[in-house]
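The next block holds one structure in the form of structure tokens; read it before the comments.
As a basis for the values below, the full set of heavy atoms in this structure was taken, side chains included, without hydrogen atoms, waters or symmetry mates. Sequential numbering from 1 along the given sequence is applied to the chain's residues. Counting convention: from 1, in listed order, for ligands and their atoms alike.
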Amino acid sequence: MDLKPKMIFAVNCGSSSLKCAAFLLEEGALQERYRFVVKDLATPEVEVRDPRTGNVIRIISRETDLVEALDEILDFLEEEGLLSAIACIGHRMVHGGVHTAPVHAGPDILEELEQYAGAAPLHNPPAMACIRYLSERLPDVDQVICFDTQFHHEMPALSSRIPISAKLTNGFIKKYGFHGLSCESVLRQLKETRPELADKKIIIAHLGNGCSLTSVVQGKSTDNTMGFTPFGGIVMSSRPGDLDPGVLFYLLKERKASVEEMEELLQRESGLKALHGKTGDLSELVKESERDAGADFAVEYFVKSVCAAIASLTAGMGGIDALIFTGGIGENNTEVRRRIAVRMGWMGFTLNEKQNARHNDSISETGAPVYIGIIRTDEEKIIAEQSFKKNTG
Ligand SMILES: Nc1ncnc2c1ncn2[C@@H]1O[C@H](COP(=O)(O)OP(=O)(O)O)[C@@H](O)[C@H]1O
Ligand SMILES: CC(=O)OP(=O)(O)O
Ligand SMILES: [Mg+2]
């Protein structure tokens, strides 16, 4: 009998953060042992957290490079005697293109995935860099790639088609939908805590650095606000969300902007950051909103954008039973949730202010026509489970 511990390591490259988790395989179930979080990729520290308490038990300082952060995390696991226990590594790849199930990260797949790098430039290239680095440091360990787009791949054509000429789309340009691993985590938890809602009409509002809303009917994605790429949908921290295509032509033709300049401006300098002028961090904007009219404007713009998406997705589903907040902002920002619920009052949203302030699981008034809840997403657990299944399947 093999008594050596076995571990699954999950890597989640977000647009502003790196989140990793180490799971020990105990009696056939995955038990999280350590969580590693780089909250802001511009700040040089990795928090090592104890998942049982959520407490930060150590801070590892690092250089500013993502791969170096990962290197330090592996050094930590080595010190703990756990590096050799890694049986499999799972990665979140935001754009999966044609893939509708997890894949092993062999050289052919990596080469093929290169074609989607430009469709998720804030996400896919760093995830690819992590895979390449890990295949050098741990060449014998199986790496599995899990896709954010998988959950949405059966979205109805009424949602997924993009109405441009077939000469341009070639079947490839369509709405893919993102934050799918987060949706899976939220639905799994909802099934456990509110089984009566699991098969109803639900909107999952994933509000983090990247933000998207997904409509779910009977556990299946029917629409997502992001589109062909994670640029689309509602306004985000530094991304504009849906944009009149005429703006792009104008910038290219009249302002002679280069594609690179446009990409940089639209990826990193737009969205809430452009509205406010200094910061796109919604938490900071909320903090400043009482004394800074520009910050308050940016928060209201965001809230209106979320509410417009809720109304549109509700129309698509022909009703709504529950709204679930998740993601860094959705889980933690009382004021953003309050403003959204108040603005949606006309549609039957009634917030319980006390429960909202306490970040309770349920934050709507008892008996209100629309249930409003908060669920802490655990994308890393879904990555670990999907990877373990692929690794052993
Ligand atoms: N504990 C917290 N309290 C308040 N705001 C938070 C907290 N954690 C995250 N946030 C907010 O969430 C945002 C990041 O969301 P997250 O979903 O973690 O990021 P990413 O989109 O990179 O995955 C941050 O910009 C921050 O404003
Ligand atoms: C798809 C996306 O924008 O992801 P994240 O919120 O993790 O950056
Ligand atoms: Mg994220």
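Protein heavy atom closest to atom 14 (C) of ligand 1, with residue, atom name and distance, is Asn209 N, 3.8 Å. Considering only non-hydrogen protein atoms, atom 6 (O) of ligand 2 sits nearest to His179 NE2, 2.9 Å. Of all protein heavy atoms, the one lying nearest to atom 8 (O) of ligand 2 is Ser15 OG, 2.5 Å.
Using a 4.0 Å cut-off between charged nitrogen and carboxylate oxygen, Arg339 and Asp296 count as a salt-bridge pair. A salt bridge between Asp378 and Arg35 is present, with a side-chain N of the basic residue lying under 4.0 Å from a carboxylate O of the acidic one. The pair Glu47-Lys19 does not count as a salt bridge, with every side-chain nitrogen at least 4.0 angstrom from each carboxylate oxygen.
Ligand 1 places these atoms under 4.0 Å from at least one heavy atom of Gly210: 21 (O). Below 4.0 Å from some heavy atom of Arg239 lie the following atoms of ligand 2, by number and element: 3 (O), 8 (O). The Met226 neighbourhood of ligand 2 comprises atoms 3 (O), with distances under 4.0 Å to a heavy atom of that residue. The contact set between ligand 1 and Ser16, taken as ligand atoms under 4.0 Å from a residue heavy atom, comprises 19 (O), 20 (P), 22 (O).
For a threshold of 3.5 Å applied to N or O pairs, the pair formed by Gly210 and ligand 2 contains at least one separation below that value. Backbone and side-chain nitrogen or oxygen atoms of His206 are examined, and none is located within less than 3.5 angstrom of a nitrogen or oxygen of ligand 2.
Between the choices Ser283, Gly328, Cys211, the shortest heavy-atom distance to atom 26 (C) of ligand 1 belongs to Ser283. Distances from atom 23 (O) of ligand 1 to the heavy atoms of Gly208, Gly280, Ser17 put Ser17 nearest. Nearest residue to atom 1 (N) of ligand 1 from Val336, Asp40, Thr279, Asn332 is Asn332 (criterion: closest heavy atom).
The shortest non-hydrogen separation linking Ile203 to Thr314 is CD1-OG1, 3.6 Å.
Using 4.0 Å as the threshold, Met236 has no heavy atom nearer than that to any atom of ligand 2. Within the 4.0 Å heavy-atom shell around ligand 1 one does not find Asn333. Not a single heavy atom of Glu379 lies less than 4.0 angstrom from ligand 2.
With no hydrogens or angles considered, a side-chain donor-acceptor pair links Asn356 and Arg337 at under 3.5 Å. A side-chain donor-acceptor contact under 3.5 Å links Asp142 and His104.
Relative to the ring axis of Phe388, Lys390 does not place its NZ or CZ within 45° and under 6.0 Å from the centre.
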Test ring-ring contact (aromatic ring centres under 6.0 Å, His included) applied to Tyr176 and His152, step by step | CA-CA 7 Å; Tyr176 285 87; His152 303 290; over 10 Å; no
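Separating the CD atom in Gln143 from the CD1 atom in Ile109 is a distance of 13.0 Å, to the nearest 0.5 Å. Separating the CD1 atom in Ile382 from the SG atom in Cys146 is a distance of 9.5 Å, to the nearest 0.5 Å.
For His95, no heavy-atom contact with ligand 2 is shorter than 4.0 Å. Residue contacts with ligand 2 for Arg92 involve side-chain atoms from C-beta outward but no N, CA, C or O (heavy atoms, distance under 4.0 Å). Only the side chain of Asp281 comes within contact range of ligand 1, with a heavy atom under 4.0 Å; no backbone atom does. Using a 4.0 Å cut-off between heavy atoms, Lys19 contacts ligand 1 through its side chain alone, with no backbone atom that close.
Aromatic rings from Tyr116 and Phe172 are positioned such that their centres are separated by under 6.0 Å.
Within 6.0 Å of atom OH in Tyr133, more than 12 heavy atoms from other residues, nucleotides or ligands are found, so the atom counts as buried in its surroundings.
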